[in-house]
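As the structure lists them, so they are numbered: ligands from 1, and atoms in each ligand from 1. If you're wondering where the values come from, they're calculated on a predicted model, not measured in any experiment.
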Amino acid sequence: MTFDLFDDLLPETPHTEPLAAGAVILRAFAHAAAPALLEAVARITASAPWRHLVTPGGQRMSVAMTNCGSFGWVSDARGYRYEPADPLSGQPWPAMPEPFRTLAAEAAQAAGFAGFAPDACLVNRYLPGTRLSLHQDRDERDLRAPIVSVSLGLPATFLFGGLQRTDRTARVRLAHGDVVVWGGPSRLAYHGVAPLADGDHPLCGHERINLTFRRAR
Ligand code: SIN
Ligand code: FE2
């Protein structure tokens, strides 16, 4: 097995890697907070369970999703949008936990985006084979705020391209605790995730969890 145990037991020394103009990888930034973040994910999914959304074109997404915060991202036959309530329960999404808010603001600040106050967090679950095809995050009202994306559990290959779908994509490995921030000239960059390779993560088993923080409204 090529999975690198040491990545998770002995994280990289935190450091910043440039990805594109306005986009950086903050290696190991969330490593210390990860256990608390994962506990919070378990509480969120107890009231807003994982579900597979359907694209407007009728495709079931292989990523399982839920949300917390004032708004949650949803997709169905009517399109992509943010909703203040979980369509499964009719109840507001679970509140954004304090450790989520703090980590997202600190990561944005470290990437050069001061004052980030997310009102939405999309929580994604990948199992072996799960992928996310190239897309832009463009359903948010104010594109001045960056996207902050936290990787937990199994490592993934993240694809990060340009402003056109056909632009070449960089392939970067994201390990447990890594955070990617993209904004400014990269805010509408196409991105996705290659099919997840199997592995056994000490905290997450066969799963990868991703948190993406957004300013929706
Ligand atoms: C996303 O684009 O919403 C998720 C990206 C990731 O899982 O790393
Ligand atoms: Fe995205």
Side-chain angles (χ1 to χ4, degrees), residues 7 17 19-20 22-30 34 37-38 41 44-45 50-53 55-56 59 61-69 71-75 79-82 93 96 100 103-104 107-108 111 118-141 143 145-165 167 169-183 186-197 199 201 204 206-216:
D7 276 7
E17 289 175 19
L19 181 56
V24 293
I25 305 171
L26 306 173
R27 293 289 181 197
F29 193 90
L37 300 177
L38 289 167
V41 169
I44 290 163
T45 58
W50 299 115
R51 80 283 313 264
H52 292 272
L53 299 174
T55 66
Q59 299 266 25
M61 296 181 71
S62 71
V63 182
M65 297 178 169
T66 188
N67 291 277
C68 66
F71 300 97
W73 186 84
V74 299
S75 172
Y80 303 125
R81 62 194 179 279
Y82 284 93
W93 297 103
M96 196 180 297
F100 277 32
L103 183 88
D119 58 5
C121 176
L122 175 63
V123 185
N124 293 315
R125 184 192 66 190
Y126 298 74
L127 300 175
T130 300
R131 62 191 290 271
L132 186 61
S133 53
L134 279 185
H135 65 279
Q136 294 170 298
D137 291 358
R138 59 168 189 202
D139 303 315
E140 300 73 31
R141 192 169 287 167
L143 297 176
I147 301 289
V148 173
S149 172
V150 178
S151 291
L152 299 168
L154 289 180
T157 300
F158 183 59
L159 312 172
F160 195 81
L163 300 180
Q164 307 293 325
R165 187 183 288 279
D167 288 345
T169 54
R171 296 171 68 87
V172 293
R173 184 176 184 279
L174 296 181
H176 179 72
D178 289 344
V179 179
V180 185
V181 181
W182 63 96
S186 280
R187 177 60 181 75
L188 290 176
Y190 277 88
H191 59 281
V193 178
L196 193 75
H201 187 272
C204 296
H206 300 273
E207 299 182 357
R208 171 178 186 257
I209 305 289
N210 169 264
L211 313 174
T212 50
F213 294 94
R214 300 105 185 275
R215 183 80 199 175

Rounded to the nearest 0.5 Å, how far does [atom2] of [Y] lie from [atom1] of [X]?
X      : Y      : atom1 : atom2 : value
Ile147 : Arg187 : CD1   : CZ    : 3.5 Å
Glu207 : Leu38  : CD    : CG    : 9.5 Å
Leu134 : Arg165 : CG    : CZ    : 6.5 Å
Arg214 : Arg141 : CZ    : CZ    : 15.5 Å

Of the protein's non-hydrogen atoms, which lies at the shortest distance from [atom], and what is that distance?
atom                   : value
atom 1 (C) of ligand 1 : Leu132 CD2, 3.6 Å
atom 8 (O) of ligand 1 : Arg208 NH2, 2.9 Å
atom 7 (O) of ligand 1 : Tyr126 OH, 2.5 Å

(request) Of the side chain and backbone of Gln136, name the one, both, or neither that has a heavy atom under 4.0 Å from an atom of ligand 1. (result) neither

(request) Examine the proximity of ligand 1 to Val63 and report which part, side chain or backbone, both or neither, has a heavy atom under 4.0 Å away. (result) neither

(message) Is it the case that ligand 1 has an N or O less than 3.5 angstrom from some N or O of Asn210?
(response) yes

(message) Side chains of Ser62 and Arg131 only: does a donor on one sit below 3.5 Å from an acceptor on the other?
(response) no

(request) For His191, counting its heavy atoms only, list the atoms of ligand 1 lying under 4.0 Å from any of them. (result) 2 (O)

(request) Check each atom of ligand 1 against the heavy atoms of Arg214 and keep those under 4.0 Å away; list them by number with element. (result) 3 (O)

(message) Could you check whether atom CD of Gln59 has more than 12 heavy atoms from other residues, nucleotides or ligands sitting under 6.0 Å from it?
(response) no

(request) Check all N, O or S atoms of Asp137 and name the one closest to the Fe ion (ligand 2). (result) OD1

(message) Could you tell me if the side chain of Tyr126 sits less than 4.5 Å from the side chain of Asn210, heavy atoms only?
(response) yes

